[in-house]
Amino acid sequence: MSQVFEGYERQYCELSANLSKKCTSASLLDGEQRKQKVSEIKAGVDDAEALIRKMDLEARSLPPNVKAMLLAKLREYKTDLNNLKTELKRITMTNANQAARDELLESGMADAMTVAADQRARLMMSTERLNQSSDRIRESRKVMLETEDLGVSILQDLHQQRQSLLHAHNTLHGVDDNISRSKKILTNMSRRMSRNKWIIGSVIAVLILAIILILYFKLSHH
């Protein structure tokens with residue numbers, strides 16, 4: 001919630017309570033004292049209206065979710081201000097009949113004060129509920145930010161794992177190439193060995209044949 005709005009709100013609640021007390025005391029006064037008290041109440045009502053306007057401007061400058069809650073609270077304050085104005089009108093009304101004025105003070109004013117007290121009690125309850133809603137919004141925003149940070153961390157871990165897998169894949173590909181080259185070399189060596197084996201066998205066979213021929217010719221001449 002806006003700290004500026006809360007500051008105006010505290011000022012208004014204090015001013016409203018003070019004006020309500022002045023209305024009660026003014027209704028019991030006569031003559032110049034009554035006029036002075038009425039003048040003070042009028043000035044206070046003007047200040048209260050100025051605070052209402054400031055709260056309205058501040059509320060409308062805030063995000064929609066906060067704005068809606070503050071405007072709902074502001075409607076309660078406007079109703080309270082209208083009740084104060086009604087009380088002020090009743091005080092300033094000149095009644096020719098003192099009995100009628102006494103009756104108004106005893107019945108109508110008492111009822112108005114009761115209504116005002118009930119209205120202020122509802123205002124306090126509404127304020128408390130709105131404050132609780134604001135706390136829940138702040139908590140939800142905190143959870144959302146924590147979830148966002150966790151998601152970013154998971155994405156970073158997945159990216160690192162992907163890089164590791166790609167590196168391992170490239171390494172295995174290099175090993176496979178080396179194995180293929182080694183296999184070709186061994187195959188060529190095996191072919192050379194087989195070819196050399198046949199050559200050596202042929203040389204040995206020729207030598208044996210030569211030895212046999214030599215022995216044959218020597219024995220035949222004896």
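This structure is a prediction, so every number in the text was calculated from the model and none was measured.
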*Asks:* Is there a side-chain contact between Lys22 and Ile91, using heavy atoms and a 4.5 Å cut-off?
*Replies:* no

*Asks:* Taking all non-hydrogen atoms of both residues into account, name the closest pair between Ala26 and Arg34 and its distance.
*Replies:* O-NH1, 3.5 Å

*Asks:* Looking at Ile41 and Leu19, what are the two nearest heavy atoms and their distance?
*Replies:* O-CD2, 3.7 Å

*Asks:* Holding to side chain to side chain donor-acceptor pair (under 3.5 Å), I want the full list of residues that pass it with Arg129, two or more places apart in sequence or in another chain.
*Replies:* Ser126

*Asks:* Ignoring hydrogens and angles, tell me if any N or O in the side chain of Thr92 forms a donor-acceptor pair with the backbone of Leu88 under 3.5 Å.
*Replies:* yes

*Asks:* Please name the pair of heavy atoms, one in Leu84 and one in Ser16, separated by the smallest distance, quoted to 0.1 Å.
*Replies:* CD1-OG, 3.8 Å

*Asks:* Which distance, rounded to the nearest 0.5 Å, do you find between the SG of Cys13 and the CE of Met124?
*Replies:* 6.0 Å

*Asks:* Report yes or no: does Thr127 contribute a side-chain atom to a donor-acceptor pair with the main-chain N or O of Leu123 at less than 3.5 Å?
*Replies:* yes

*Asks:* Are Ile204 and Leu213 connected in a single hydrophobic cluster, I mean Ile/Leu/Val/Met/Phe/Trp/Tyr linked by side-chain heavy atoms less than 4.5 Å apart?
*Replies:* no

*Asks:* To check you understand the geometry: which heavy-atom pair defines the closest contact between Ala48 and Leu15, and what is its length?
*Replies:* N-CD2, 3.4 Å

*Asks:* Given the rule that I, L, V, M, F, W and Y join up when any side-chain heavy atoms are under 4.5 Å apart, are Leu71 and Leu57 in one cluster?
*Replies:* no

*Asks:* Are any of the side-chain heavy atoms of Asp80 and Tyr12 separated by less than 4.5 Å?
*Replies:* yes

*Asks:* What distance separates Ile214 CD1 from Leu219 CG, expressed to the nearest 0.5 Å?
*Replies:* 12.0 Å

*Asks:* Could you tell me whether Arg60 and Asp56 make a salt bridge, using a distance below 4.0 angstrom between a side-chain N and a carboxylate O?
*Replies:* yes

*Asks:* Kindly give the heavy-atom pair with the smallest separation between Leu70 and Ala59, and that separation in Å.
*Replies:* CB-CB, 3.8 Å

*Asks:* Residues two or more places apart in sequence or in another chain: which of them pass salt bridge (charged side-chain N to carboxylate O under 4.0 Å, His left out) with Lys85?
*Replies:* Glu49

*Asks:* Quick check against the 3.5 Å criterion: does Thr86 have a side-chain atom that pairs as donor or acceptor with the backbone of Asn82?
*Replies:* yes

*Asks:* Identify, with sequence neighbours excluded, every residue that meets ring pair (Phe, Tyr, Trp, His ring centres under 6.0 Å) alongside Tyr8.
*Replies:* none

*Asks:* From Met189 CE over to Asn196 CG, what is the distance, rounded to the nearest 0.5 angstrom?
*Replies:* 11.0 Å

*Asks:* Dump the intermediate steps for side chain to side chain contact (heavy atoms under 4.5 Å, CB included) on Arg181 and Asp177, then the final yes or no.
*Replies:* CA-CA 6 Å; Arg181 285 196 294 271; Asp177 291 341; 3.9 Å; yes

*Asks:* Say whether, by atom type as modelled, one donor and one acceptor occur between the side chain of Asn18 and the main chain of Glu14 under 3.5 angstrom.
*Replies:* no

*Asks:* Please list all pairs passing the ring pair (Phe, Tyr, Trp, His ring centres under 6.0 Å) test where one or both residues lie in residues 20-59, with sequence neighbours left out.
*Replies:* none

*Asks:* With a 4.5 Å limit on heavy-atom distance, are the side chains of Gln36 and Gln33 in contact?
*Replies:* no

*Asks:* To the nearest 0.5 Å, how far apart are CZ in Arg90 and SG in Cys23?
*Replies:* 10.5 Å

*Asks:* Looking at NZ of Lys54 and CD of Glu9, how far apart are the two atoms once the value is rounded to the nearest 0.5 Å?
*Replies:* 15.0 Å

*Asks:* Which atom pairs, one a donor and one an acceptor, fall under 3.5 Å between side chains of residues 154-167 and the rest of the protein, sequence neighbours left out?
*Replies:*
{"residue": "Ser164", "atom": "OG", "partner": "Gln160", "partner atom": "O", "Å": "3.1"}

*Asks:* Please report the interatomic distance CZ(Arg75) to NZ(Lys78), rounded to the nearest 0.5 Å.
*Replies:* 8.5 Å

*Asks:* Would you mind listing every ring pair (Phe, Tyr, Trp, His ring centres under 6.0 Å) that reaches into residues 22-62, with sequence neighbours excluded?
*Replies:* none

